[in-house]
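Below is one structure; the comments refer to it alone.
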Amino acid sequence: MVALLRLAQILSLAAALCFAAAVPAGATASLTCAADDHNLSFDLLGNIGSGDGGAIQLIDGEIKLKSLRGKFNAREFKVTPEHISGKWSFGNELRIGISPESVDEVSVFLAIIAMRAKSGDSNLGRYRGEYVLKVQGPKGESVLRGRLKDCSAG
């Protein structure tokens, strides 16, 4: 009986390896995006697929909201893969929407809107653009805007 189970495991593993070899691999690149100004700082790490409509996956990140006098105090929001609420990679465009869990009755929605910058290095794609952060708290809503510090795939 143990020998049959072992044989079944070996055959299952062999079948999985054959199936994986038959499926073409899609190229992916590491994606990092960051900003740091008087409104906030954020660092995001993920992967992006190649080509139009390439999949975007966030792995880890953090949004540090800075204090806005009379509106809200500084807060930190942890970003995990399930917090992506929208993503778009088409041609030279990169758009990502992130909605992390609320912290102390304050919620945020971060939109990254970027275009690929012209570059001589074909292995590294740099994006230039802006972010829009909507902050909803007990004292109302605020919309904060700024420029991306760095956003690159490679």
Side-chain angles (χ1 to χ4, degrees), residues 9-10 12-68 71-137 141-154:
Q9 288 176 336
I10 291 170
S12 295
L13 179 60
L17 290 174
C18 287
F19 177 72
V23 176
T28 61
S30 294
L31 175 69
T32 58
C33 278
D36 190 3
D37 59 23
H38 64 281
N39 294 323
L40 60 74
S41 67
F42 69 79
D43 288 296
L44 304 171
L45 174 64
N47 297 309
I48 184 170
S50 63
D52 293 335
I56 299 170
Q57 174 193 25
L58 282 182
I59 297 170
D60 190 35
E62 186 174 60
I63 300 169
K64 294 181 181 177
L65 179 63
K66 297 180 180 176
S67 222
L68 184 61
K71 286 282 194 173
F72 46 80
N73 295 326
R75 303 269 192 309
E76 291 184 21
F77 300 87
K78 182 74 175 145
V79 176
T80 60
E82 61 269 9
H83 294 142
I84 288 187
S85 60
K87 57 189 175 186
W88 182 257
S89 168
F90 187 80
N92 292 329
E93 292 183 9
L94 176 66
R95 295 175 188 252
I96 305 172
I98 302 165
S99 184
E101 292 181 23
S102 300
V103 175
D104 299 328
E105 298 183 41
V106 175
S107 62
V108 297
F109 177 80
L110 175 65
I112 296 171
I113 304 147
M115 295 291 288
R116 187 182 306 268
K118 304 239 186 264
S119 173
D121 186 357
S122 62
N123 294 330
L124 184 66
R126 293 208 179 276
Y127 293 89
R128 302 278 184 241
E130 63 181 347
Y131 71 82
V132 178
L133 185 76
K134 286 192 173 188
V135 182
Q136 182 69 45
E141 183 178 276
S142 296
V143 178
L144 310 172
R145 297 175 183 272
R147 305 294 300 163
L148 294 175
K149 177 175 141 185
D150 178 50
C151 197
S152 57

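Numbers here simply count residues along the sequence, with the first being 1.
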Partners meeting side chain to side chain contact (heavy atoms under 4.5 Å, CB included) with [X] (sequence neighbours left out):
X     : value
Ile84 : Leu58, Lys87
Ser67 : Asn73
Asp60 : Lys78
Gln57 : Asn47

remark   = Looking only at heavy atoms, the pair that brings Ser85 and Ile98 closest together is OG-N, 4.0 Å
request  = Taking all non-hydrogen atoms of both residues into account, name the closest pair between Leu148 and Ala35 and its distance.
outcome  = CA-CB, 4.4 Å
key: All salt bridge (charged side-chain N to carboxylate O under 4.0 Å, His left out) counterparts of Lys66, not counting sequence neighbours   = Asp36
Salt bridge (charged side-chain N to carboxylate O under 4.0 Å, His left out) partners of Lys64, counting only residues at least two apart = Glu62
inquiry  = Taking the side chain as everything from C-beta on, heavy atoms only, tell me whether Ile112 gets closer than 4.5 Å to Phe42.
reply    = yes
request  = For residues Ile96 and Ile56, determine if any side-chain heavy atom of one lies less than 4.5 Å from a side-chain heavy atom of the other.
outcome  = yes
What's the spacing between [X] [atom1] and [Y] [atom2] if we round to 0.5 Å?
X      : Y     : atom1 : atom2 : result
Ile113 : Trp88 : CD1   : CH2   : 14.5 Å
Ile63  : Asp43 : CD1   : CG    : 10.5 Å
Leu45  : Leu31 : CG    : CG    : 8.0 Å
Cys151 : Leu94 : SG    : CG    : 5.5 Å
Cys33  : Ile48 : SG    : CD1   : 8.5 Å

query = Got a sec, which pairs hit salt bridge (Lys or Arg N to Asp or Glu O under 4.0 Å) with one end in residues 143-154, sequence neighbours left out?
reply = Arg126-Asp150
Below 3.5 Å, can you tabulate the donor-acceptor pairs from side chains in residues 99-109 to any protein atom, sequence neighbours excluded?
none

message = The criterion is side chain to side chain donor-acceptor pair (under 3.5 Å); which residues satisfy it with Glu141, sequence neighbours excluded?
response = none
Which atom pairs, donor and acceptor, lie under 3.5 Å between side-chain atoms of residues 128-135 and protein residues at least two apart or in another chain?
residue: Tyr131; atom: OH; partner: Asp37; partner atom: OD1; Å: 3.0
residue: Tyr131; atom: OH; partner: Asp37; partner atom: OD2; Å: 2.6
residue: Tyr131; atom: OH; partner: Asn39; partner atom: ND2; Å: 3.2

task = Show your working on side chain to side chain contact (heavy atoms under 4.5 Å, CB included) between Leu110 and Val79 and close with a plain yes or no.
result = CA-CA 11 Å; Leu110 175 65; Val79 176; over 6 Å; no
